[in-house]
Amino acid sequence: MTNHAVVIAGGGPTGLMLAGELALAGVDVAIVERRASQELAGSRAGGLHSRTIEVFDQRGIADRFLAEGQKAQAIGFAGVHFDLSGFPTRHPYSLGLRQNHIERILAGWVDELKVPIYRGIEVTGFAQDDTGVDVELSDGRSLRAQYLVGCDGGRSLVRKAAGIAFPGSDPTTSNLIAEAELAETPPEWGIRRDALGIHALGRVEYEIRNGEIVYADHGPVGVLVTEQHVGQTTEPTLSDLSAALITVYGTDYGIHSPTSISRFTDAARQAASYRKGRALIAGDAAHVHPPDGGQGLQTGVQDAVNLGWKLARVAKGTSPESLLDTYHAERHPIGARVLRNTMASIVLRREDERTKALRDTIAELLGMDEPRRRFAAMMSGLDIHYDLGEGHPLLGRRMPDLDLVTENGPLRVFTLLHDAVPILLNLGEPGGLDIASWADRVRLFDAKCVGPWELPVLGAVAAPNAVLIRPDGYVAWVGDLTRLGLAGALTTWFGPPAAA
Ligand SMILES: Cc1cc2nc3c(=O)[nH]c(=O)nc-3n(C[C@H](O)[C@H](O)[C@H](O)COP(=O)(O)OP(=O)(O)OC[C@H]3O[C@@H](n4cnc5c(N)ncnc54)[C@H](O)[C@@H]3O)c2cc1C
């Protein structure tokens with residue numbers, strides 16, 4: 001039996017990100033992935049939102065995505081588009097980049113970090129005991145690990161086998177999404193709405209010019225079509241797609257040669273617990289919801305970044321298991337919020353007169369400055385606030401990527417996070433902070449920062465004297481001249497002081 005400290009079931013965006021985080025922390029991690037290669041049939045996520053780009057920037061890999069994608073203002077709610085240009089971030093935009101490219105880039109990073117991936121193999125079951133987990137594989141082998149993480153998508157075997165409940169709402173709409181060839185060119189590309197729902201036709205290849213999508217004039221076509229009935233349980237076929245197109249457009253435009261056809265619904269479900277003993281779940285395994293607002297991949301990647309450093313510490317024995325409970329405590333409310341706004345979004349899509357009136361009313365509200373900023377920050381993930389208690393507004397929020405001046409020259413805050421280690425940034429008197437008892441775990445930097453200290457939505461905040469930044473980029477302690485609470489925060493997140 002092969003041993004690893006952590007086995008991840010599923011090498012989609014969430015599993016890949018988690019593997020990278022664990023490998024950076026020096027944990028022996030392996031992925032088991034059902035697909036024989038990283039190739040993804042069909043299109044799913046269409047890009048990255050601001051906070052996810054920041055998260056990649058924290059690891060020094062944002063440029064890989066930026067080099068391939070197209071920047072756009074692509075955040076919206078209820079048909080209202082938001083412009084992030086004024087937000088205090090280095091990435092005040094979304095990035096148009098299809099999920100297959102996102103996965104390829106992430107897989108390249110994970111490969112550099114030498115994470116083994118057992119490809120073409122499924123996790124078929126597991127059994128946990130006091131010291132670890134036996135993970136059964138479809139090729140008859142098994143793996144032994146301290147922890148198993150299910151990043152195995154919405155139908156997660158790990159979630160089901162762990163007996164974790166998945167409460168939520170059943171589907172009310174069903175959509176087919178496909179890539180195929182059309183024999184005839186439709187009179188118009190783009191989105192169509194009717195009483196049945198939302199539909200869209202567009203060339204797979206496109207460019208964003210001056211913020212507008214401009215489709216290529218040849219090549220395969222992406223099709224999104226709402227089906228007449230909900231509840232189909234068989235895999236969708238070309239004739240299902242053709243029938244759905246005829247219902248909506250009166251013709252199927254001679255659709256043929258599909259390279260992918262899949263079905264998704266507006267079911268919204270969230271795991272009751274993100275952990276059961278030594279089994280954890282993240283990404284779609286923990287929450288499924290409609291794709292409105294393009295939040296699924298973002299939420300999964302950010303689950304992984306929240307869990308990664310915590311699981312690394314626990315697996316290495318440097319923090320108690322209770323640290324893992326903060327993963328559920330912090331991420332479950334974020335997932336619940338995504339479910340709530342996507343469910344609302346589905347209702348607001350309806351085309352009856354009353355819903356149109358409601359949509360117009362919401363659009364009017366979102367035309368006002370404060371609601372617009374709040375929703376833009378929510379949909380982009382920039383406003384995420386983990387409840388770490390009362391205190392300075394930075395506490396529990398993302399550390400801004402400010403310019404620092406250190407004795408070695410200028411530096412960005414995010415550069416300090418590339419290795420995913422905790423950082424204590426002393427912005428006061430150089431040498432004024434001493435954390436000798438944590439020096440093996442936490443890096444202390446003396447720096448000067450001219451600011452401005454500004455947070456999305458909240459605006460300007462008081463410049464702190466010192467900040468303790470977790471490896472996921474969230475602020476765990478904010479210092480004033482007294483340093484009150486620093487030892488407590490260091491102990492909570494990074495373990496007790498080393499014996500002198
Ligand atoms: C139509 C559509 C549009 C979307 N648009 C967006 C968008 O614009 N923005 C956005 O952020 N999100 C979007 N999403 C959601 C996004 O695609 C998902 O949230 C994201 O893929 C979740 O990543 P994941 O790694 O958690 O799960 P998945 O991507 O589902 O990956 C799970 C992986 O686990 C593997 N696997 C499954 N079972 C096993 C097993 N037993 N053993 C081993 N391997 C296993 C699978 O092969 C897969 O590789 C969209 C989704 C759909 C359907």
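Start at 1 and go down the list; that is how both ligands and their atoms are numbered. Note that the numbering runs from 1 along the sequence shown for the chain. Both backbone and side-chain heavy atoms feed into the values below; hydrogens, waters and symmetry mates do not.
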Enquirer: Using distance alone, determine whether E122 and ligand 1 share an N or O pair under 3.5 Å.
Expert: no
Enquirer: Among V32, L297, V338, which one has a heavy atom closest to atom 43 (C) of ligand 1?
Expert: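 Going through V32, L297, V338 one by one, V32 has the nearest heavy atom to atom 43 (C) of ligand 1.
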Enquirer: Look at atom 30 (O) of ligand 1 and find which of R263, Q295, R44 reaches it with the closest heavy atom.
Expert: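 Among R263, Q295, R44, the closest heavy atom to atom 30 (O) of ligand 1 comes from R44.
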Enquirer: Going by the salt bridge (charged side-chain N to carboxylate O under 4.0 Å, His left out) test, name the single residue among R159, R269, R44 that passes it with D284.
Expert: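 The option that passes is R44.
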Enquirer: Consider every N or O of E103 and every N or O of ligand 1, then say whether any pair is closer than 3.5 Å.
Expert: no
Enquirer: Who's the nearest protein heavy-atom neighbour of atom 18 (C) of ligand 1, and how far?
Expert: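 Scanning the protein heavy atoms, the shortest distance from atom 18 (C) of ligand 1 goes to D284 OD2, 3.4 Å.
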Enquirer: Identify whether the distance between the nearest side-chain nitrogen and carboxylate oxygen of D472 and R470 falls below 4.0 Å.
Expert: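 Looking at D472 and R470, the cut-off is met.
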Enquirer: I'd like to know if R275 and D325 make a salt bridge, using a cut-off of under 4.0 Å between side-chain N and carboxylate O.
Expert: yes
Enquirer: Which atoms from ligand 1 have a heavy atom of G46 less than 4.0 Å away?
Expert: 7 (C), 8 (O)
Enquirer: Can you check whether L18 reaches V6 side chain to side chain, under 4.5 Å on heavy atoms?
Expert: no
Enquirer: Are any of the N or O atoms of G154 closer than 3.5 Å to those of ligand 1?
Expert: no
Enquirer: If the cut-off is 4.0 Å to any non-hydrogen atom of G294, which atoms of ligand 1 fall inside it?
Expert: 7 (C), 8 (O), 9 (N), 10 (C), 11 (O)
Enquirer: Should you measure from each heavy atom of I177, which atoms of ligand 1 turn up under 4.0 Å away?
Expert: 1 (C)
Enquirer: Between P291 and ligand 1, which part of the residue brings a heavy atom under 4.0 Å of the ligand: side chain, backbone, both or neither?
Expert: side chain
Enquirer: How many angstroms lie between atom CE of M399 and atom CZ of R397, to the nearest 0.5 angstrom?
Expert: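 So the gap between those two atoms works out to 14.0 Å.
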Enquirer: Which ligand 1 atoms are under 4.0 Å away from a heavy-atom of Q298?
Expert: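 Answer, ordered by atom number: 9 (N), 10 (C), 11 (O).
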Enquirer: Looking at CG of N175 and CD1 of I177, how far apart are the two atoms once the value is rounded to the nearest 0.5 Å?
Expert: 8.0 Å
Enquirer: Is the shortest distance from a Lys or Arg side-chain nitrogen in E112 or R59 to a carboxylate oxygen in the other one below 4.0 Å?
Expert: no
Enquirer: Looking at ligand 1, would I121 count as a contact under a 4.0 Å heavy-atom criterion?
Expert: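 Per 4.0 Å heavy-atom rule, I121 contacts ligand 1.
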Enquirer: Parallel, tilted or perpendicular: which fits the ring planes of Y474 and Y386, with parallel below 30° and perpendicular above 60°?
Expert: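 Answer is tilted, since the angle falls between 30° and 60°.
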Enquirer: Between Y274 and H328, how do the two ring planes meet: parallel, tilted or perpendicular, split at 30° and 60°?
Expert: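 Geometry flag for H328 against Y274: perpendicular rings.
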Enquirer: So which protein heavy atom does atom 27 (O) of ligand 1 come closest to, and at what separation?
Expert: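 So the nearest neighbour among protein heavy atoms is G153 CA, 3.8 Å.
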Enquirer: With a cut-off of 4.0 Å, which atoms of ligand 1 are near a heavy atom of C151?
Expert: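 Once the distances to C151 are compared, the set is 32 (C), 33 (C), 34 (O).
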Enquirer: Could you find the nearest protein heavy atom to atom 42 (N) of ligand 1 and give me its residue, atom name and distance?
Expert: V123 N, 2.9 Å
Enquirer: What are the atoms of ligand 1, with element, lying closer than 4.0 Å to any heavy atom of Q99?
Expert: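 By the 4.0 Å cutoff, the relevant atoms are 16 (C), 17 (O), 20 (C), 21 (O), 29 (O).
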Enquirer: Just to be sure I'm reading this right: ignoring hydrogens, which of G120, A45, G11, P290 gets closest to atom 14 (N) of ligand 1? Compare them by their nearest heavy atoms.
Expert: A45
Enquirer: Which is closest to atom 37 (C) of ligand 1 in terms of heavy atoms, V301, D152, L137, T14?
Expert: D152
Enquirer: Does the plane of the ring in F375 sit parallel, tilted or perpendicular to the ring in F77? Use 30° and 60° as the thresholds.
Expert: tilted
Enquirer: Given H101, which of R98, R104, E103 fulfils the side chain to side chain donor-acceptor pair (under 3.5 Å) condition?
Expert: R104
Enquirer: Once you round to the nearest 0.5 Å, how far does CD of E184 lie from OH of Y253?
Expert: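 If we round to the nearest 0.5 Å, E184:CD and Y253:OH are 8.0 Å apart.
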Enquirer: Could an N or O of ligand 1 be found under 3.5 Å from any N or O of G283, whether backbone or side chain?
Expert: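 No, G283 has no N/O under 3.5 Å of an N/O on ligand 1.
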Enquirer: Atom CD1 in I255, atom CD1 in I261: separation rounded to 0.5 Å?
Expert: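 Result: 7.5 Å between the selected atoms.
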Enquirer: Can you pull out the closest protein heavy atom to atom 35 (C) of ligand 1? Residue, atom name and distance to 0.1 Å, please.
Expert: E33 OE1, 3.3 Å
Enquirer: Considering non-hydrogen atoms of the protein only, which is the closest contact for atom 23 (O) of ligand 1, and what is the distance?
Expert: P13 CD, 3.5 Å
Enquirer: Around atom 44 (N) of ligand 1, find the nearest protein heavy atom and jot down its residue, atom name and distance.
Expert: R34 N, 3.2 Å
Enquirer: Nearest heavy atom to atom 31 (O) of ligand 1: which of G15, G12, G10 does it belong to?
Expert: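 Selected option, by shortest heavy-atom distance: G12.
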Enquirer: Can a salt bridge be assigned to the pair D129 and R144 using a cut-off of 4.0 Å between side-chain N and carboxylate O?
Expert: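 Counted as a salt bridge, because a side-chain N and a carboxylate O are separated by less than 4.0 Å.
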